[in-house]
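Before any comments, here is the structure.
Sequence positions, counted from 1, serve as the residue numbers for this chain. Atoms considered below: every heavy atom in the structure, side chains included; atoms not considered: hydrogens, waters and symmetry mates.
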Amino acid sequence: MGLFDQMLGAQSSVQETLSPTEAFAAITLAAIASDGYLSEEEGRVISSTLSRMRLFKSYSNDVMVRMFDKLLGILRREGINTLFRVAKASLPHDLREAAFAVATDLVLADGIVAQEEQDFLNDLCLDLGIDSNVATQIVEVMLIKNRG
């Protein structure tokens, strides 16, 4: 443990909670970044996908940019695990299946699912408490959706 860890505590500096919309967006961002790579195109796809959802309808482009700047800052400073932990704690239960569905859709969209992405989706399903039958149905539908 380093000198500053001892004096300041070794815990994460992220002590805030996220709004439900920020938490939802953070889950999708973590899913896309789970393979260790986040391209500008993937960022545009996330933004486009979320902007079509009722949850984000009132968000202007500027608000979306500020939200993603905040989330990317957490991701860069603290890492994917902290971003996910904070998002999970802030995500309402009624949005968990939808967050899993959108994360699955985004991961499958490019037609290549890295092992890290598979592991993330498995962990996401468990950590969000998604029923395995529901999760299977979501994955099956997203596989069909992303065939074409």
Side-chain angles (χ1 to χ4, degrees), residues 1-2 4-5 9-56 59 61 63-148:
M1 187 180 282
F4 285 97
D5 290 337
Q11 59 194 153
S12 165
S13 64
V14 177
Q15 301 191 6
E16 62 188 290
T17 58
L18 300 175
S19 71
T21 51
E22 289 171 333
F24 195 102
I27 296 290
T28 63
L29 180 62
I32 291 297
S34 65
D35 65 355
Y37 182 72
L38 181 65
S39 70
E40 285 184 34
E41 176 62 24
E42 288 173 322
R44 284 190 292 272
V45 169
I46 292 172
S47 183
S48 173
T49 299
L50 296 182
S51 68
R52 290 190 307 265
M53 295 181 65
R54 196 171 51 229
L55 185 63
F56 294 91
Y59 277 45
N61 189 51
V63 172
M64 290 289 271
V65 167
R66 283 195 308 274
M67 178 181 67
F68 277 109
D69 283 347
K70 175 182 179 177
L71 299 176
L72 286 167
I74 295 169
L75 180 63
R76 286 186 192 110
R77 285 188 314 275
E78 304 292 333
I80 194 169
N81 292 331
T82 298
L83 178 64
F84 177 70
R85 180 183 48 76
V86 172
K88 178 185 159 203
S90 303
L91 187 67
H93 286 279
D94 64 328
L95 291 177
R96 291 181 176 217
E97 289 177 356
F100 179 74
V102 172
T104 301
D105 185 27
L106 290 168
V107 165
L108 295 173
D110 66 1
I112 302 167
V113 184
Q115 185 61 50
E116 297 89 352
E117 292 171 322
Q118 290 179 35
D119 294 343
F120 179 85
L121 290 175
N122 285 328
D123 292 344
L124 179 62
C125 177
L126 293 172
D127 289 345
L128 294 182
I130 309 287
D131 178 85
S132 62
N133 292 326
V134 172
T136 299
Q137 290 174 350
I138 289 170
V139 171
E140 288 173 347
V141 168
M142 293 306 160
L143 283 168
I144 292 167
K145 177 188 177 281
N146 285 289
R147 274 189 205 151

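Here the OG1 atom belonging to T104 is positioned 11.5 Å from the NZ atom belonging to K145, to the nearest 0.5 angstrom. In this structure, the separation between CZ on F84 and OG on S34 is 11.0 Å, given to the nearest 0.5 Å. Atom-to-atom distance recorded for S90:OG and R85:CZ is 10.0 Å, nearest 0.5 angstrom. Atom CG in L50 sits 6.0 Å away from atom CE in M67 (nearest 0.5 Å). To the nearest 0.5 Å, atoms CZ (R96) and CG (D127) are separated by 9.0 Å. Note that CG of L75 is 5.5 Å distant from CG of L29, once rounded to the nearest 0.5 Å.
Between A26 and L83 the shortest heavy-atom distance is CB-CD1, 3.8 Å. Residues A99 and L91 approach most closely at CB-CD2, 3.9 Å, considering heavy atoms. The two residues S19 and Y59 have their closest heavy-atom pair at OG-OH, 4.4 Å. For K88 against I27, the heavy-atom pair with the smallest separation is N-CD1, 4.5 Å. The two atoms that bring E22 and L71 nearest to each other are O-CD1, 3.7 Å, heavy atoms only. Shown here for L124 and A103, the closest heavy-atom pair between the two residues is CD2-CB, 3.8 Å.
Although no hydrogens or angles enter the test, the distance criterion places a donor-acceptor pair under 3.5 Å between the side chain of T136 and the main chain of S132. No donor-acceptor pair under 3.5 Å is formed between the side chain of S48 and the backbone N or O of R44. When atom types are taken as modelled, the side chain of N122 and the backbone of Q118 share a donor-acceptor pair closer than 3.5 angstrom.
The environment of CZ in R54 is sparse: at most 12 heavy-atom neighbours from other residues, nucleotides or ligands sit within 6.0 Å. More than 12 non-hydrogen atoms from other residues, nucleotides or ligands lie less than 6.0 angstrom from CD of E116. Residue Q115 places its CD atom among more than 12 non-hydrogen atoms of other residues, nucleotides or ligands, all under 6.0 Å distant.
You'll find the side chain of F100 reaches within 4.5 Å of the side chain of C125, heavy atoms only. Between I112 and E117 there is no side-chain heavy-atom pair separated by less than 4.5 Å. Between V102 and M53 the shortest side-chain heavy-atom distance falls below 4.5 Å. Side-chain contact between R147 and L143 is absent, with no heavy atoms from C-beta onward closer than 4.5 Å. Inter-residue side-chain proximity for L72 and L38 is flagged as met; some heavy-atom pair is nearer than 4.5 Å. With contacts defined as side-chain heavy-atom distances shorter than 4.5 Å, the pair V139/L121 does not qualify.
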